[in-house]
Amino acid sequence: MTETFLKEHFSLDGKIALVTGASYGIGFAIASSLARAGATIVFNDIKQDLVDKGLAAYEVLGIKAYGYVCDVTDEEAIQNMVSQIKHDVGVIDILVNNAGIIKRTPMLEMTAADFRQVIDIDLNAPFIVAKAVLPGMIDKGHGKIINICSMMSELGRETVAAYAAAKGGLKMLTKNIASEFGSANIQCNGIGPGYIATPQTEPLRQLQADGSRHPFDQFIISKTPAARWGQAEDLGAPAVFLASDASNFINGHILYVDGGILAYIGKQPE
């Protein structure tokens, strides 16, 4: 590929990207990749100390980012933040709905309040943020929305009833946004990460006292054809693709970045 081809199809120069909850982890890795492709990064988090942590981390990488304190479940606050971003930086071209939580609780032990909280953050919030940025995208005549879904958009597993319900709903919200706004030259797609090595999953990957793998680590490796956990950086290039002109005729699609888990039935017992 020539440099001209790459710049024509994959460059994000001049684009403004809002990545929710991007102070660290998967959101930070995705935002950093978008920045390296030329985008101006705007992000939010729920507390000032997290925003400050994110700003410092971007600065270390030489990335000029703009951080805002905002709760993604608060519709009025989100509308105000989007207006402030327009004033400070410009109209948003790219939205990555990354902010989310998981509560690993057996269904019979989970309260309705906890279930609602997961749905609120993982499903209602992407609706709220997308609704806030869509008018600007429509006025501009283009836009990219990337929802961070999950393999739990397709699979169930013990202890994640609320998370699977929310991510399954987010998959269908993705398809519906694509359906409703495709004629406005807006593409809405999803990324479904597999099991990613993050600080939150580190205890599950530590070697046991006898030098053996943690049982959950063994389970994930055995179910993944790539035979490893994903890295947050593995999600960066797929996000650049879905944010770029290279994906202009891709809409309502969920790109699973899972090392092949969803394609694999597993090894036959010996």
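Along the sequence shown, residues are numbered consecutively beginning with 1. Computed from a predicted structure; not experimentally measured.
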When you measure from the side chain of D45 to the backbone N and O of K47, does any donor-acceptor pair fall under 3.5 Å?
no
Can you find a pair of side-chain heavy atoms, one from V69 and one from N44, that are under 4.5 Å apart?
no
So which pairs with a foot in residues 119-137 pass side-chain hydrogen bond (donor to acceptor under 3.5 Å, both in side chains), sequence neighbours left out?
E75-K131, D120-N124
Whether the side chain of N147 engages the backbone of G190 through a donor-acceptor N/O pair (distance < 3.5 Å, no angle test) should be reported.
no
For the student: nearest non-hydrogen atoms of A184 and I138, plus distance
CB-CG1, 4.3 Å
Measure the CG-CG distance between L242 and L255 for me, rounded to the nearest 0.5 Å.
5.5 Å
With sequence neighbours excluded, what pairs up with K140 under the salt bridge (charged side-chain N to carboxylate O under 4.0 Å, His left out) test?
D93
Got a sec, which residues hit salt bridge (charged side-chain N to carboxylate O under 4.0 Å, His left out) with D13, two or more places apart in sequence or on another chain?
K7
Return yes if some donor-acceptor pair links the side-chain N/O of T20 with the main-chain N/O of N97 below 3.5 Å, else return no.
no
Are I94 and I16 linked, directly or through other ILVMFWY residues, by side chains that come within less than 4.5 angstrom of each other?
no
Which pairs pass ring pair (Phe, Tyr, Trp, His ring centres under 6.0 Å) with one or both residues in residues 201-228, sequence neighbours excluded?
Y195-F216, F216-F219
For G100 and I121, which heavy atoms make the closest approach, and how far apart are they?
CA-CG2, 3.8 Å
Around E59, counting heavy atoms of other residues, nucleotides and ligands shown, do more than 12 lie under 6.0 Å from its CD?
no
Same cluster (ILVMFWY, side-chain, under 4.5 Å), F127 and I146:
no
Do any pairs count as a side-chain hydrogen bond (donor to acceptor under 3.5 Å, both in side chains) and have a residue in residues 229-240, sequence neighbours left out, and if so which ones?
D217-W229, R228-D234
Can you give me the closest heavy-atom contact between M81 and C70, atom names plus distance?
SD-CB, 3.5 Å
Under the salt bridge (charged side-chain N to carboxylate O under 4.0 Å, His left out) test, residues paired with K175 that sit two or more places apart:
none
Hydrophobic cluster membership, V72 vs I145, 4.5 Å side-chain cutoff
yes
Can a donor-acceptor pair be found, under 3.5 Å and without considering hydrogens, that links the side chain of S244 to the backbone of A246?
yes
Side chains of K86 and V82: closer than 4.5 Å at any heavy-atom pair?
no
Return the minimal non-hydrogen interatomic distance between I30 and A239, and the atom names on each side.
CG2-CB, 3.6 Å
Measure the CD1-NZ distance between I41 and K15 for me, rounded to the nearest 0.5 Å.
12.5 Å
Could you list the residues that satisfy side chain to side chain donor-acceptor pair (under 3.5 Å) with K144, not counting sequence neighbours?
Q187, S247, N248
Side chain of N251, backbone of I186: donor and acceptor closer than 3.5 Å?
yes
Would you say T201's side chain and I196's backbone share a donor-acceptor pair under 3.5 angstrom?
yes
Rounded distance (nearest 0.5 Å) linking atom OG of S33 with atom CZ of F241:
15.0 Å
Measure the shortest side-chain to side-chain distance between D74 and I78 over non-hydrogen atoms and say whether it is less than 4.5 angstrom.
no
Does N189 reach the main-chain N or O of I254 with its side chain, forming a donor-acceptor pair under 3.5 Å?
no
Closest heavy-atom pair and its distance - G260, D258:
N-OD1, 2.8 Å
Shared hydrophobic cluster for I26 and L123 (ILVMFWY, side-chain gaps under 4.5 Å):
no
Does S212 reach the main-chain N or O of Q208 with its side chain, forming a donor-acceptor pair under 3.5 Å?
no
Where the side chain of K167 meets the backbone of I148, is there a donor-acceptor pair that is under 3.5 Å apart?
yes
With rounding to the nearest 0.5 Å, note down the distance linking SG in C188 to CD1 in I250.
13.0 Å
Over all heavy atoms of both residues, which pair between G156 and M152 is shortest? Give the atoms and the distance, please.
C-SD, 4.4 Å
Any side-chain heavy-atom pair of N80 and E76 under 4.5 Å:
yes
Tell me which pairs pass ring pair (Phe, Tyr, Trp, His ring centres under 6.0 Å) where either residue lies in residues 50-88, with sequence neighbours left out.
F28-Y58, F43-Y58
Does a side-chain heavy-atom distance below 4.5 Å link V51 with Q48?
yes
K53: salt bridge (charged side-chain N to carboxylate O under 4.0 Å, His left out) partners, not counting sequence neighbours:
none
Hydrophobic clusters join Ile, Leu, Val, Met, Phe, Trp and Tyr when side-chain heavy atoms are under 4.5 Å apart, directly or via other members; which others share one with L50?
Y24, I46
Just verifying a value: how many Å separate I261 CD1 and M151 CE, rounded to the nearest 0.5 Å?
4.0 Å
Any I102 side-chain heavy atom under 4.5 Å of V118 side chain
no
Tell me the side-chain hydrogen bond (donor to acceptor under 3.5 Å, both in side chains) pairs involving residues 101-110, sequence neighbours left out?
K103-Q117
Rounding to 0.5 Å, atoms CZ (F181) and CE (M137) come to a distance of 11.0 Å
Tell me who clusters with M107, hydrophobic residues only, linked when side chains sit under 4.5 Å apart either directly or through other members.
none
V42, L34: one ILVMFWY side-chain cluster at the under-4.5 Å cut-off?
no
